[in-house]
2 protein chains.
Amino acid sequence: MTYSEENYIKVIYHLSLVSPKGINTNAIAGMIESKASSVTDMVKKLAEKELVDYQKYQGVTLTQKGLHAAKMIVRKHRLWEVFLVEKLDFTWDEVHALAEELEHIKSEKLINRLDEFLGFPKEDPHGDPIPDRYGQMIKVEKQLLSEVGLNKKVMCLGVKDSSPSFLQYLDKHQISLGSEIEIINKEAFDMSLTILMNGKEILISNKIAGNLFVKVI
Amino acid sequence: MTYSEENYIKVIYHLSLVSPKGINTNAIAGMIESKASSVTDMVKKLAEKELVDYQKYQGVTLTQKGLHAAKMIVRKHRLWEVFLVEKLDFTWDEVHALAEELEHIKSEKLINRLDEFLGFPKEDPHGDPIPDRYGQMIKVEKQLLSEVGLNKKVMCLGVKDSSPSFLQYLDKHQISLGSEIEIINKEAFDMSLTILMNGKEILISNKIAGNLFVKVI
DNA sequence: AAATAAATTTAGACAAAACTAAAAATTATT
DNA sequence: AATAATTTTTAGTTTTGTCTAAATTTATTT
Ligand SMILES: [Mn+2]
Ligand SMILES: [Mn+2]
Ligand SMILES: [Mn+2]
Ligand SMILES: [Mn+2]
C-alpha cells in the first residue's frame, strides 16, 4: 500500500464511523483535500486491491481487509502521538501533523515494540482509543458536551476535533482530559454554555461544546 | 525536498567521503539501485535546486547547502537507529532498513527532541558518528582490521558495511563494538587472518577484516 | 592518431497521483 | 413526469520519478 492509498483508507474508515452507509466521493474529497475526480480514480484502485467495495455512483465501503488495514494505520497514528507526548514532551496540539507522517512507516514489529515501550496505552492524547495488534479497542461511553442537560456534572474525556486551534483554545481555558465541568446555564438563542470549572465560571460557544466529549459523573 | 531527492543527496554524501572528486553517475546509480539515465535526470533537478554542482560528463559535488542537507538526513538516520536499539530493543542488524524510512520524517523539532531523549549520543549502533544540529560530528581515528600489522592488539570501533548478513556474522562470532582482538597470523595467499578474541582463536577472511573498523590499543 | 570501449546524456515512454473540463447519472424540485 | 440541480464519472493533461534504447562524449588501446 502506498502513502496515498493509506490516507484514503484511513479517511474512509473515519467517515464510516459516522455514517455506516456507502461513503460518497465528495465526502472523501473534502477530507483528503483533493477533487472528486481524483477520488474516483483512487477508489477504483482500492477496489481492484479488494480494500473497498465499490459500485459506480453508489459510494464505497471498506472490506474486512480494508477495515483491518485502516485500523492498523489508526493504531500507528495514535501510538506515535502517545510517544511524542509522553516521551518527547510534545503538546497535544503539535502531534497530529507529525503522526500523519509517522503512521506510514511500514513495520509491524516496530509498532508492536513501540506499543510495549509505551506500556500498551489504551487511548491517545486526544482521548481516542488505540486499536491493539488485532484491531480491538476499548469503547468508552461518551457524549458531546453540547448534548448534556443543564446542571449536570461531567468529566472531559476527549475531543472530536484535534486541530491545533481548538486544542490551544482548551489549553488557554485550562480544560484538559479529566477536567470536571458543571453546566450552569444554556443560552436558548445561540446554545452557548456557562460552565463551572475549578470554581470559576466561563462562557463557551456551542461550537466548542460540540467538539468536547464528556461523560456525566 | 522529496523522499527521492533526499536519498540521492545522502548517497552523494556517502560517496563524497570516500572520493572527494566529482561523483560519477554510475556510482550513484549503483548505490541507489537505479539506472544511470535516471541519475542524470535527478542530478539536473538537484543542480536546479542548488544542492549540487554539476557539469555534464564531469560528475557531481555537493554544494554547502547540499552538504548540510545530507548531514541532516544522516543525523536523522543514525538517531533513529539509536532509538530503535536503545529503547525498542532492536538488534543492530535490523535497524538500518527501518532508519532508511524514518530518516525522511520532516521535523527539526522532532529530531532535536529525540536527540535529547537519547542523551545526545555521539555514535550510532554501527560506530558511525552522529552529526549534531549544526552538522558537527566527532572524528574517531579508526582503520580497517585488514590494514593492521601482525601481533597488534586492537579494539573494534565500527563496521564499514552494515548489511544484516555481515552484522549477523559478527554476532555469531561474538564480535561487537568494544571487542578486543589480537592478530595472530596473516595468510599471505588470501590475506585471511587468525585472530585471538576472549582467549579463542578464530579465522576470518580478508573480506570480513576489510569491513571492520578498529583502533590499535 | 585512430579505433575501440566505456561512461554519460538525450529522447521517448510509462505508471502513479493529482488536476480541469465535459459528459453522464442520480437526486431534488416544480 | 419533466426539468433543474447536484453528484459522480470520464477524458485528456500534468508532474515526478523511473525505464529502455539510441546518440554522444570521454577514456583507453592499439
Ligand atoms: Mn497520513
Ligand atoms: Mn489523536
Ligand atoms: Mn531513505
Ligand atoms: Mn548506522
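As the structure is a prediction and not an experimental result, all values here were calculated from the model. Chain A is the first sequence line, chain B the second, and so forth, proteins listed ahead of strands; every chain is numbered from 1.
Side chain to side chain, B:E81 and B:H77 meet the donor-acceptor criterion of an N or O pair below 3.5 Å.
Residue A:T25 is classed as a sugar-phosphate contact, given heavy-atom separations below 4.0 Å to backbone atoms only. Among the heavy atoms of the strands, none lies under 4.0 Å from A:Y3. Within the nucleic acid shown, B:D41 comes within 4.0 Å of at least one base atom, counting heavy atoms only.
Salt-bridge annotation for B:K10 and B:E100: present, with a side-chain N of the basic residue lying under 4.0 Å from a carboxylate O of the acidic one. The existence of a salt bridge linking B:K106 and B:E6 is confirmed by a sub-4.0 Å separation between a basic side-chain nitrogen and an acidic carboxylate oxygen.
Ring-plane geometry between B:F117 and B:F83 is classed as tilted, the angle between the planes lying from 30 to 60 degrees on a 0 to 90 degree scale.
Ranked by how close their nearest DNA chain C nucleotide is to the 5' end, A:K35 and A:Y57 are led by A:K35.
For D:dT10, one of the phosphate oxygens OP1 or OP2 lies less than 4.0 angstrom from a side-chain nitrogen or oxygen of A:K44. Residue A:K56 places at least one side-chain N or O under 4.0 Å from the OP1 or OP2 atom of D:dT10.
Look at CD on A:Q55: it is 15 Å from C1' on D:dT9, rounded to the nearest Å.
Judged by atom type and distance alone, B:S37 reaches the base of D:dT20 through a side-chain donor-acceptor pair under 3.5 Å.
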